[in-house]
Amino acid sequence: MRAHEPIRAALADAAARLGAPVAAPDIELERPRDPAHGDVATNLALTLAKALKAKPRVVAERLIAALELPQGLVRKIDVAGPGFINFFLAEAELAGVLETVLAAGDRYGRGDAGQSKPVNVEFVSANPTGPLHVGHGRQAALGDAIASLLDWTGWRVTREFYYNDGGAQIMQLALSVQARIGELRGRPAAVPEGGYHGEYVWEIAERYLAAYPDDPEGADLDHVRRFAVQELRKEQDADLQALGVKFDVYFLESSLYTSSKVEKTLGRLVAAGHTYERDGALWLKTTDFGDDKDRVMRKRAEKGGEYTYFLPDVAYHVDKWERGFARAINVQGADHHSTVTRVRIGLRALEMGIPAGYPEYVLHQMVTVMKGGAEMKLSKRAGSYMTVRELVDEVGRDAVRYFFLMRRGDSHLVFDVDLAKSQTEENPVFYVQMAHARLSGIFRVAGRAPETASPNGVNPAALDEPEELLLLKQLADFPSLVAGAATALEPHRVTGYLEGLARIVHAWYHKYRVLGEPEEAARLVLARAVRQVLANGLTLLGVSAPDRM
RNA sequence: GCGCCAGUAGCUCAGCUGGAUAGAGCGUCGGCCUCCGGAGCCGAAGGUCCCGCGUUCGAAUCGCGGCUGGCGCACCA
């Protein structure tokens, strides 16, 4: 809210006059939940009470007495409760947000906290061993929205997808496809233990035979592997496209080997003195950094003598660091949380100045899909788990994205398919989109574009109904809401905000008319601004803002 | 056994980084359609914020100890 800065500055001056200087940015201002507590409130008197050796309410009175605010900003100041100072803004000041919103348009809510510094957001990172499941879907929605929040707050964002294209799991996939090829040729089933049994394996086998009739037995395992990976990459891309998620960088684990970054990382760890050999394996002494046991980096010869996933993981993050990313954020399922400390320790053990909290992690819990009161678990195509494509086909992209973003990442998410499909107020995404569509409807009926509703010459005092004041305040909150959600890496705050805004919209719409009323001009401006903010919030989340439904 | 995460209304969940009388949706009960979309709105009932101790002006929020549930604890990724 633009009134915040002058109020903050005046409070800082007043505090200095009382002999308790406080830096203006450290003064907390909030919007009270209860309108009776004004438009802006501060707890400054409570925090200064101890230093000034006086009761908070007394401090509050003295602060107010020493306060010099610009004319016309505030119409009333109260001391309430234990010592809160409540400011009631002049109505013209509240309505000022309309001009701010309309001037900024689809950029309203953006900020520059990130100062254009580069940040890497890695998410999904599914290995190409099968279609994306609903957990990947949650991660895609979450990662994309977090990237978007960072973009909105002034960071230069790279969306990145990392995948393992050569590990043991990929080998299992190749063997599984090879086995199905054999079966298609009339040999008995021989899918290896730990192999993949989904129907998509059959499909790949069929496509392989169609593409390479000269290798009817799939004898060239390496060739089968490359084909299978390529097919599944295509499939996963289509899944992501169905969700509307785009990546800037696809990073292959194999490139870390071909560029010898794995070797270099290993060399640096050895040089830093945190490694040792035991039982023929090479270990990193992660216990030096608080881990509960040391970790193997290179298996002993009898186990194949290869590197474990741990070393390339560290090399990968060194690469991110060297690409200049001030921050790296990894969105992962909580079942991978054990990698968090390990990767960070690996980076610290390199002693190359990478901070202890690098990379940052956003871990999310599992997804349960419910339909008709029962859990949906089985998917014919994938063999066991429900795929994200099946979900998108069932309820649509907007609902999938919105539902995955509704909850905090660290709570289990129950995806109610019936709710996501319902076209009623119970469905939050529908409810929010409906608010946008209704406002659009007003302009449609009026026969004019929203952009023609100009705040020039409109009397802001015409917007004095309680719902209208609430709308103005809610609009004013949007930029700080976005900033807070970005700092916390919590997109669900945006869905909560939008539902709150939509609720006021529906109440307002139901209670007052716009067209043909004396307040028409002012209400059209309000409608345009609210519609803009709803659209900005939905867009930020990757959800559409339809004009009619 | 150790680590991470969660525990808030009958159900699903918020609670803005420690603030005022703990909120919303669903469900239940009761109202509202000559009017820009009733695909909606308004109201009521509903709470030991898992338990205990602590930190301070002030705790759902922070600390410690329990209890319950989920997920991890590989020379798999």
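Lettering of chains follows the sequences in order, A, B, ..., and the numbering in each one begins at 1.
Comparing A:Pro56 and A:Arg278, the nucleotide of RNA chain B nearest to each residue sits closer to the 5' end for A:Pro56. Checking A:Arg31 against A:Ala437, the closest nucleotide of RNA chain B that is more toward the 5' end is the one next to A:Arg31.
Within the 6.0 Å centre-distance limit, the rings of A:Tyr316 and A:Phe251 are counted as a close aromatic pair. Aromatic ring centroids of A:Tyr250 and A:Tyr162 lie 6.0 Å or more apart. With ring centers used as reference points, A:Phe289 lies under 6.0 Å from A:His274.
The side chain of A:Ser338 approaches B:A77 more closely than any other nucleotide in the set B:A77, B:G19, B:C75. Residue A:His336 places its side chain closer to B:A77 than to any other of B:C75, B:A77, B:C5. Listed candidates were B:U12, B:A77, B:C75. Nearest to the side chain of A:Ala281 is B:C75. Listed nucleotides B:C41, B:A24, B:G19 differ in distance to A:Asn43; the shortest reach to its side chain belongs to B:G19. Closest contact between the side chain of A:Asp410 and the listed nucleotides B:C5, B:C76, B:C16 involves B:C5. Nearest to the side-chain atoms of A:Ala507 among the listed nucleotides B:C41, B:G38, B:A20 stands B:C41. Here the nucleotide nearest the side chain of A:His510, chosen from B:G15, B:G38, B:G19, is B:G38. Proximity note for A:Leu46 (side chain, C-beta onward) versus B:C57, B:C36, B:A77: the nearest is B:C57. Of the candidate nucleotides B:A20, B:C36, B:A77, B:A20 has the atom lying nearest to any side-chain atom of A:Glu30. You'll find that the side chain of A:Arg407 is closest to B:U12, out of B:A6, B:A77, B:U12.
Using a 4.0 Å heavy-atom criterion, one finds that A:Ala485 contacts no nucleic acid atom at all. The residue A:Asp279 sits close to a base: some heavy atom pair falls under 4.0 Å. Among the atoms of the strands shown, only primed sugar atoms or phosphate atoms (P, OP1, OP2) are found under 4.0 Å from some heavy atom of A:His412. At the heavy-atom level, A:Gly496 lies nowhere under 4.0 Å from the strands shown. Across all strands, A:Asp165 comes closer than 4.0 Å to no nucleic acid atom at all (heavy-atom distances). Counting non-hydrogen atoms under 4.0 angstrom, A:Tyr497 reaches nothing in the nucleic acid. Contact annotation for A:Val296: base contact, defined as any heavy-atom pair under 4.0 Å involving a base atom. In this structure, A:Tyr512 reaches the bases: a heavy-atom distance under 4.0 Å links it to at least one base atom across the strands shown. A:Met366 comes within 4.0 angstrom of no nucleic acid atom, judged by non-hydrogen atoms across all strands. Contact annotation for A:Arg438: backbone-only contact, meaning every heavy-atom pair under 4.0 Å involves sugar-phosphate atoms and none involves a base.
Nucleotides B:C29 and B:G72, compared at atom C1', are 46 Å apart to the nearest Å. Comparing B:U17 with B:G25, their P atoms sit 23 Å apart, to the nearest whole Å. Straight-line distance between the P atoms of B:A24 and B:A44: roughly 10 Å, to the nearest whole Å. The gap from the P atom of B:U48 to that of B:C67 amounts to 23 Å, rounded to the nearest Å. Here the separation of B:G47 from B:A22, taken at their P atoms, is 13 Å to the nearest Å. Spacing between B:A59 and B:C51 at atom C1', rounded to whole Å, works out to 16 Å. Between B:G10 and B:U28, the distance separating the two P atoms is 16 Å to the nearest Å. One C1' atom belongs to B:G1, the other to B:A20, and the distance between them is 45 Å to the nearest Å.
Judged by ring centres under 5.5 Å apart and planes tilted less than 30 degrees, A:His337 fails to stack against the six-membered base ring of B:G72. We find that the ring of A:Phe84 and the base of B:A20 stack, their centres lying under 5.5 angstrom apart and their planes tilted less than 30°.
Taking only side-chain nitrogens and oxygens, A:Thr47 never comes nearer than 4.0 Å to OP1 or OP2 of B:G18. The shortest distance between the side-chain N/O atoms of A:Lys50 and the OP1/OP2 oxygens of B:C57 is below 4.0 Å. Between A:Lys511 and B:C32 there is no side-chain polar atom (N or O) within less than 4.0 angstrom of OP1 or OP2. Checking the phosphate oxygens (OP1, OP2) of B:A6, a side-chain nitrogen or oxygen of A:Arg408 falls inside 4.0 Å. Checking the phosphate oxygens (OP1, OP2) of B:C42, no side-chain nitrogen or oxygen of A:Tyr509 falls inside 4.0 Å. For A:Lys303, no side-chain nitrogen or oxygen approaches OP1 or OP2 of B:A74 to under 4.0 Å.
Applying the 3.5 Å distance criterion, the base of B:A77 shares no donor-acceptor pair with the side chain of A:Asp335.
Pairing for B:G63 is with B:C53, a Watson-Crick or G-U wobble pair whose two hydrogen-bonding atom distances lie under 3.5 Å. B:C32 is paired with B:G40 under the Watson-Crick or G-U wobble criterion, all donor-acceptor distances under 3.5 Å. Here B:A20 sits opposite no nucleotide as a Watson-Crick or G-U wobble pair (both hydrogen-bonding atom distances under 3.5 Å). Across all strands shown, B:G1 pairs with B:C73; the Watson-Crick or G-U wobble distances both stay below 3.5 Å.
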Subject >> Verdict with supporting geometry, A:Glu160 and A:Lys320, salt bridge (charged side-chain N to carboxylate O under 4.0 Å, His left out) >> reply: CA-CA 10 Å; A:Glu160 188 151 318; A:Lys320 284 185 187 173; 5.3 Å; no
Original post:
Is there a side chain to side chain contact (heavy atoms under 4.5 Å, CB included) between A:Leu405 and A:Val494 once you walk through the steps?
Top reply: CA-CA 9 Å; A:Leu405 295 173; A:Val494 180; over 6 Å; no
Subject >> Stepwise ring-ring contact (aromatic ring centres under 6.0 Å, His included) test for A:Phe123 and A:His136 >> reply: CA-CA 9 Å; A:Phe123 56 109; A:His136 292 125; over 10 Å; no
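Between A:Arg327 and A:Glu360, at least one side-chain nitrogen of the basic residue sits less than 4.0 Å from a carboxylate oxygen of the acidic one, meeting the salt-bridge criterion. Taking 4.0 Å as the cut-off between side-chain N and carboxylate O, A:Arg407 and A:Asp410 do not count as a salt-bridged pair. Looking at A:Asp547 and A:Arg531, a side-chain N of the basic residue comes within less than 4.0 Å of a carboxylate O on the acidic one, giving a salt bridge.
Atom NZ of A:Lys473 is surrounded by more than 12 heavy atoms from other residues, nucleotides or ligands within 6.0 Å.
Spacing between atom CG of A:Leu413 and atom C1' of B:G25 amounts to 15 Å, rounded to whole angstrom units. Going from atom CD of A:Gln365 over to atom P of B:G70 covers 12 Å, rounded to whole Å. Nucleotide B:C5 holds its P atom 16 Å from the NE2 atom of A:His364, rounded to whole Å. A straight line from CZ of A:Arg503 to C1' of B:C26 spans 12 Å, rounded to a whole angstrom. In this structure, A:Leu311 places its CG atom 14 Å from C1' of B:A77, rounding to the nearest Å. To the nearest angstrom, C1' of B:C75 lies 11 Å from OH of A:Tyr309.
Under the 90° criterion around 0 for the glycosidic angle, B:U68 counts as anti.
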